[in-house]
Structure formats: C-alpha cells, structure tokens
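For clarity, every value in this text was computed on a predicted model and none was experimentally measured.
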2 protein chains.
Amino acid sequence: METKDKIRNLAESLIRTKGYNAFSYADLSAPLKVKNAAIHYHFPSKDLLGASVVEEMVHGFQRLTSSWSNQPEAEQLEQFMDIYRNSQQQGMVCLMGSLAPDFETLSPVMQAQLQGMSRVILDWLTTCLEQGRAKGFFQFKGQAADRALLLTSSLISSLLLSRVQQTDLYSRIRQQLLADLLV
Amino acid sequence: METKDKIRNLAESLIRTKGYNAFSYADLSAPLKVKNAAIHYHFPSKDLLGASVVEEMVHGFQRLTSSWSNQPEAEQLEQFMDIYRNSQQQGMVCLMGSLAPDFETLSPVMQAQLQGMSRVILDWLTTCLEQGRAKGFFQFKGQAADRALLLTSSLISSLLLSRVQQTDLYSRIRQQLLADLLV
DNA sequence: TCACAAACTTACCTACTAGTAAGTAAATAA
DNA sequence: TTATTTACTTACTAGTAGGTAAGTTTGTGA
C-alpha cells in the first residue's frame, strides 16, 4: 500500500502547484519510477485519484482538528492558520484555492467532495470562533459563520496572491485577521 | 477587428469558467464558427491569447476606475465590489482567482502581466482606502495597503467559495467588509 | 507444491492538443 | 489594372492525454 499513498501524495502536491487540469499521469509515473498503468491499477481514473486526494485531505483535517480539541480556541485558530503558513512556505496554494476555479471541469463526485470539504472547514471554524468568543478569546461583530467565511476567504487568497506577487502576503493578512479578532 | 475581439472575449469567459488549462482552441472555434487556424492567425499562440486577455482586463479596470475618479471613495469602493457581484451572478470567478492557481504553468509573459494586474488593483484600492479614510468615509486600523490586501483577498475567494457551495457567499462577505469599514 | 491474488509492466489505442504550411477570396493601394 | 494585404480555410502534423488488455513477477495461504 506504499505506492498508492505515494501516488496520492504526489497528486496532491501537483494539484496544489500546477493545478488539476495541468498535471498528467506522466508527472506521477516518472518521479515514482512506475509506469502509468500502475497508477491506473491503484486509481482507475483521474477522477477517482482526484476524489481520493480530496477525501484524504478532509480526513487529515478532521484528525488535526480533533487533536487540538482540548486547546484554547485562540491556539486552535493559530494552528489552523499555520496550515496556510506551511503551504505558503512550500509555494503551494490550498486544495480549495486550486480546485475551486476548475470546479466546472471536475466530475460530479469530486464536486460533491469539494463541497463537503468547504462545509467541514467552515463548520469547524464557525464553532471555533463561536466558542472562542463565548470564552472571551475573540471579539467580533455579527455571526460566527459569517466571520468564519471571511477568515477562510482571506486565507485562501493569501496563498494565491503570495504566489502571484512572489512575496509573503500571507503573513500580512494573518496579522490583520488576528488583530481584528483578538481582544 | 471584430473576430479578434470575439476570440479574446470568449477566451476570457472560458478562463473564468473552466480555467486556462482546461479550455482548448475547439472551445473557441466552434461557437465562433471559425476554424482553429483563424485563432492562430489573430493570436499565434495560446500564451499570447492569454496575455492579451490579461492586458485587456487591466486596461478595462483602468478605464473603469478613471471614470469613477470624481466620485466619493465610499461609492468608488461599492462600484469596485459590484464588479465581483456581477461575476458572481454570471457564475464566474475573477481572472486573478482563475489564473493564480495555474501561475506556475503560465508563460513568463503571462506571469509578469498577472503580477502587474495584481499591483494595479492593489494600488488603486490602497489609494481609495487611504483617501477615503482621510475624508472620513472609512474607518480602519493599520496601513491602507494591508487593508486593500485583505479586502481583495476576501473578494477573490468569495467567488471561489460561491462557486463551490453554489450559493451567494459573495454577498455575506461584502456585507461584513463594508460593516467593518464604513463609519 | 500448487493456486491464487496483489502489484505491477509491456504494448498499445483513440481522442484531442496546440500549432503550421499552403491555398483562397475579398478588400485595398499603387 | 495589377500587386499586395487582410482575414481567413483546408488539410495536415507531432506530441500528449487518459485509458486498457494481456502478460509477468512476487508473495501468500491451503
């Protein structure tokens, strides 16, 4: 089951650097030193490979957030933001930022999974903000769900704009988001 | 010069719905009822077509913002946001949101132009916010350039997430951005 | 030891990609 | 009138895309 994971991980990395429609089976098979039929053996179609990437990302997110659940919300939020920092440092955008523009070209299965991913992230962040506000960590006007939406949006695009401008715009955005939020 | 504009406009629309790497010459030639060689006549390569799309978008933006220059900054900002509203209503993402994830796969010329586009937009918005704050329309902490970055980021992703979630998340984001900003 | 399944490779296919060379019809300029 | 340019079409190409059928090797369980 080693190769299967390697394929999925490389596919994720390619999606987040070149985009879903720009990577090919050759981009997977060459570095992994297997033939493209080997990829089809593990993932019968590109759709299913992409779906597996998204699925794994959601599971990874759920594992991560679960592991933080005992920490204060202010720290949980910082850890959440650190995910994007790591991406930025690796020159990657997030999976959502990469796949959302290509949404119309994705299979119904991938579309549904991407939709699910956005729900999972927004729901988690909404709860984090809501509880964090209740405990006095955060301060903001309006509904937590709206704030979660605003935060996520800013973080997604911080990676996109960092890539285009070739500078760490992420940090400038993070700083402001925290300044607006922390008491 | 009719056909050339039709090609560029359709290309823009395709980039913003399917993505740069997902549209082909057939997607242009079929609806326009010309052969793909006709497209190569006007735009020798896909790179140059893409570059032309970005260039035209920048010019359009500059024309628009120039035409607003006598209006109060609060109104200018709303007009700026309306651009994104129109996109959302047409089911499109903005050019930046579409091209930024594919940045690594673009030609150096397109990369430079996209970078230029981000500068033009951020510079305009920075000035708008700065002057609007000086005149008492807006209220915000920190540097105008940072606020401009935060605003633009939120708007770009509002279109991405609206597409994925198939709802008008743009409006929820706009409302918060304005609530945070307006006195 | 034999059967079988897992994890591949070999060899191939069709469809489509951007791109090109050469030709043509119509308008324009000398 | 003739030459040239503009705006294409026709007909093609080389390369690459995702995908598949059939065979091979390697380990495993009965």
*Between D:dG18, C:dT20, D:dT6, which nucleotide has the shortest distance from any of its atoms to the side chain of B:His40?*
C:dT20
*What distance separates B:Leu49 CG from B:Lys4 NZ, expressed to the nearest 0.5 Å?*
10.0 Å
_Below the 4.0 Å mark, does D:dT16 have OP1 or OP2 next to a side-chain nitrogen or oxygen of A:Ser24?_
no
*Take atom CG of B:Asp47 and atom P of C:dT17, then tell me their distance rounded to the nearest Å.*
17 Å
*Output yes when at least one side-chain N/O atom of A:Thr3 is less than 4.0 Å from OP1 or OP2 of C:dC8, else no.*
yes
*For residues B:Tyr25 and B:Phe43, report the shortest heavy-atom separation together with the two atoms involved.*
OH-O, 4.1 Å
*Atom CD1 of B:Ile7 to atom C1' of D:dA7: distance rounded to whole Å?*
10 Å
*Within this structure, what is the NZ-to-P distance between B:Lys35 and C:dA18, rounded to whole angstrom?*
16 Å
_Non-hydrogen side-chain atoms of A:Ile7 and A:Leu32 separated by less than 4.5 Å_ = yes
*asked:* Between C1' on D:dT9 and NZ on B:Lys33, what's the gap in Å once rounded to a whole number?
replied: 17 Å
*Along DNA chain C (nearest heavy atom to each residue), the more 5'-positioned of A:Ile39 and B:Ala37*: A:Ile39
*Counting just side-chain N and O atoms, does B:Ser45 come under 4.0 Å of either OP1 or OP2 of C:dA18?*
no
_Mind checking if B:Lys46 touches a base, just sugar-phosphate, or nothing, with heavy atoms under 4.0 Å?_
sugar-phosphate
*asked:* From the set D:dA17, D:dG19, D:dA11, return the single nucleotide nearest to any side-chain atom of A:Asn36.
replied: D:dG19
*Could you work out which one of D:dA17, C:dT9, D:dG19 sits closest to the side chain of A:Val34?*
C:dT9
*Nearest-Å distance, CG (A:Leu28) to P (D:dT16)?*
16 Å
*A:Tyr25 side chain near D:dA17 phosphate (N/O to OP1/OP2, under 4.0 Å)*: no
*Look at all strands and tell whether B:Phe23 reaches a base, only sugar-phosphate, or nothing, counting heavy atoms closer than 4.0 Å.*
sugar-phosphate
*Determine, for B:Phe140 and B:Arg133, whether the Lys NZ or Arg CZ falls below 6.0 Å from the six-membered ring centre while staying within 45 degrees of the axis.*
yes
_Heavy atoms from C-beta onward define the side chain here; which of D:dC8, D:dT9, C:dG19 lies closest to that of B:Tyr41?_
D:dC8
*asked:* Check B:Glu56 with B:Arg63, please: is the shortest side-chain N to carboxylate O separation under 4.0 Å?
replied: yes
*Would you kindly give the CG-to-C1' distance between B:Asn21 and D:dT16, to the nearest whole Å?*
14 Å
*Roughly, in whole Å, what's the span from CD in A:Glu2 to P in D:dT26?*
18 Å
